[in-house]
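What follows is a set of notes on a single structure, which appears directly below.
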There are 2 protein chains.
Amino acid sequence: MMNKRATAKDVADAAGVSRTTVSFVLNHTEGMRISEETRQKVMQAAEALNYHPDAAARSMVKGKTFILGFVIRQEPDKAYADLLLPEVMRGISEVASEHAYHLIFKPVPPADEKNSLTTLFLEHQVDGLIVSGPLANDQEIVDLFNANAPIILQGRIDYPNISSVDINNRKAAEKAVNHLISLGHQRIAFISNASLNYSSSKDRLTGYRRALEAAGFVYDEALVFYGDRTPDSGYQAMQNILRSSAKPTAIFIASDTVALGSLNALYQENIRVPEDIAIMGFDDIPLSKHLAPPLSTIHIPAYDLGWNAAHLLIKWLEHKEIPERDCILDTELIVRESCGSRHKDN
Amino acid sequence: MMNKRATAKDVADAAGVSRTTVSFVLNHTEGMRISEETRQKVMQAAEALNYHPDAAARSMVKGKTFILGFVIRQEPDKAYADLLLPEVMRGISEVASEHAYHLIFKPVPPADEKNSLTTLFLEHQVDGLIVSGPLANDQEIVDLFNANAPIILQGRIDYPNISSVDINNRKAAEKAVNHLISLGHQRIAFISNASLNYSSSKDRLTGYRRALEAAGFVYDEALVFYGDRTPDSGYQAMQNILRSSAKPTAIFIASDTVALGSLNALYQENIRVPEDIAIMGFDDIPLSKHLAPPLSTIHIPAYDLGWNAAHLLIKWLEHKEIPERDCILDTELIVRESCGSRHKDN
DNA sequence: TAATATTGGTAACTCGTTTTAGCAAAACGT
DNA sequence: ACGTTTTGCTAAAACGAGTTACCAATATTA
């Protein structure tokens, strides 16, 4: 017994009215006079038949899909390894739900022919896009934007007109490094969060450099190491530091996820944190405070990042309000134990 | 200059053929003879106009949306806090992409009127559903299944016909506890991963109990504590243990995420792991091996769980092959340092 | 040469909605 | 009693594809 879904026609027949009337009643269409009696009949018929309007049909006539795309500009394995992402998603999906939008989530690495961003939008699978972690020169995004696609960026891009919801990575990094300097550290190493093709990585490195130079230290490339968003890369980078002649007294690791691997490497070598070396992270992933020792870091308002991006996008879609300014959210220095300025027993 | 999307009609006009022909060419419809010359003309016109068929229109005529729903039966904050989820999602989304399906992700707590599961399917937003973490008696899922909705479960439910992709939680818990027993522990406490309304929690507790009893110990409720998927709940549970008269020498914590908080509580109290107390986790979240000390745990093949669920679902959708048996994947005991059977310097 | 088969294509219907335009019947005003 | 408004509803036209059924023109066969 294949229960076919009931259509508006079925409801109309059951209620003894026309499809038009059914549509008016169910959508509470303004300016249409329907007697209370018919309204009831329609409502009851719809209820009885368990009627739900077909999304595709509505989509076609409305010219909207009521679906938002959340796209990560990374390989799937890295995208899904990002521990901050779920919080961003939660922010987006909260707003989306509120406005009755759904969310398609998808990692779309740059230059991925078949699953390209463009396809997602041009096939009209989504009404608009939130793109996280664009490359600094992401031509596909620029093209899409110029083709009138509603896009909100999460991250900076070398193109002025596309608005973005982001943090000030440079300033935040400065804050972190300044704290280490204030604790008396003179040799501070740096491990990047990702390849410098990403603007966030570049900006965090710049912040590190500026803080050093502002304090009168020389920027030394021998103290700069690279991660690629994964704990393993942090482990590797730490190995490199330990085997190098760098001998820093503190390390600013521009990603808590990467720091995880670095801390593991230190643990294996019986190097104590913060007694032997001070560690400062970045991101404040949800578990940083649970590490041993709890990780000092820069808090990113991940949920708010998602929340704001979704809000701007939906405003754009519903009221044609194209955001004019970037939305830059505040970060916060979180001092825990890994950088040595506070002790367990405080 | 509002660049409207090109339609099949536009392509037809540009190529000087009918819409029908455009459709035949672009879909490589079998059994339809098209001269090489017209084929080329159509292809070029489509290319030139940057034509992409409208998803909603295609969806309507095909009766399929080519979207899969991945639904978590939890409150959003808990759903997004699950550190194993991204891996499951990666498995699903990999398969989905391969078959040109998209993925709508959504936490839908039980008894959520407006965003109910039912709506998602009956409005035909999705072709089928993967439901993670159903309640043991999840009536909405049963109803939906009986209305012929393609559903694959991830977790057990008290209803025999709906097929699921899962692990054997009971056996896995037994394995974990047996290991602790084999190390000589006699007082082993238990912290649950979540409320016992969830079958996974219940099964893990059962496994703990059986292992104890099989070894000749008595099951003691004073040694059983509860988490709710969050590190904070693990922190709290550990506080309770430390303040109780339980005094276990080992604790089996049925979730690494919960264990994170528990470890934090121990760290604060200067209780060493594994010297003072042995800890065994469950899940093998990606960062368990990076903790200090690295956490012994039960490995869950999260990616494969997602991969298999998506495969079964798509087989169902594409070939009407309704899976007949549950798919139970293997778990593995991962011995690291937190349970004390192996030392750092090995 | 006439009957038949093949090639290359199209007109028209379908999917399930929303929305515009219009039309009877009832209520109202003078 | 006759025109005008209001009330309550519907027919029909979109939306943009896929698909069925059919039709010319050309090629093949008897």
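Letters go in sequence order (proteins before strands), and every chain restarts at 1.
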In whole Å, I'd like the distance from the CG atom of A/Asp54 to the C1' atom of C/dC15.
8 Å

NA contact type, B/Thr21, heavy-atom cut-off 4.0 Å: base, sugar-phosphate, or nothing?
base

For a quick test of reading the model, state the closest non-hydrogen atom pair linking B/Val22 to B/Ala8 and the distance between them.
CG2-O, 4.1 Å

Any idea which of D/dG16, C/dT18, C/dG16 is nearest the B/Ala57 side chain?
D/dG16

Check whether any side-chain N or O of A/Lys62 sits under 4.0 Å from OP1 or OP2 of C/dT19, and answer yes or no.
yes

Can a donor-acceptor pair under 3.5 Å be found between the side-chain atoms of A/Arg19 and the base atoms of C/dT17?
yes

Pairs under 3.5 angstrom, nitrogen or oxygen only, protein versus nucleotides 26-28 of chain D, please.
none

Out of C/dC13, C/dT20, C/dA11, whichever nucleotide has its closest atom nearest the side chain of B/Thr20:
C/dA11

Selection from C/dG9, C/dT7, D/dA13 that lies nearest to any side-chain heavy atom of B/Arg33
C/dT7

Both conditions, 6.0 Å and 45 degrees, for the charged tip of A/Arg229 above the ring of A/Tyr198: are they met here?
yes

When we call it a touch if two heavy atoms are under 4.0 Å apart, what does B/Thr29 touch: a base, just sugar-phosphate, or nothing?
nothing

Can you tell me the distance, in whole Å, between the CE atom of B/Met60 and the P atom of C/dT14?
13 Å

Between D/dG18 atom P and B/His28 atom NE2, what is the distance in whole Å?
12 Å

Please tell me which of the listed nucleotides, C/dG9, D/dT19, C/dT18, lies nearest to the side chain of A/Val61?
C/dT18

What about A/Phe121 and A/Phe145, are their ring centers closer than 6.0 Å?
no

Remember a base hit wins even if backbone is also touched, and classify A/Ser35 as base, sugar-phosphate or nothing at under 4.0 Å, heavy atoms.
sugar-phosphate

Can you tell me how far P of D/dC9 sits from CD of A/Glu36, to the nearest Å?
11 Å

Using a 4.0 Å heavy-atom cut-off across all strands, classify A/Ser23 as base, sugar-phosphate, or nothing.
base

Output the single nucleotide from D/dC9, D/dG18, C/dT10 whose closest atom is nearest the side chain of B/Val17.
C/dT10

When you match B/Phe24 and B/Pro53 each to their closest nucleotide on DNA chain D, which lands nearer the 5' end?
B/Pro53

Could you check how far NZ of B/Lys9 sits from C1' of D/dG18, rounded to whole Å?
17 Å

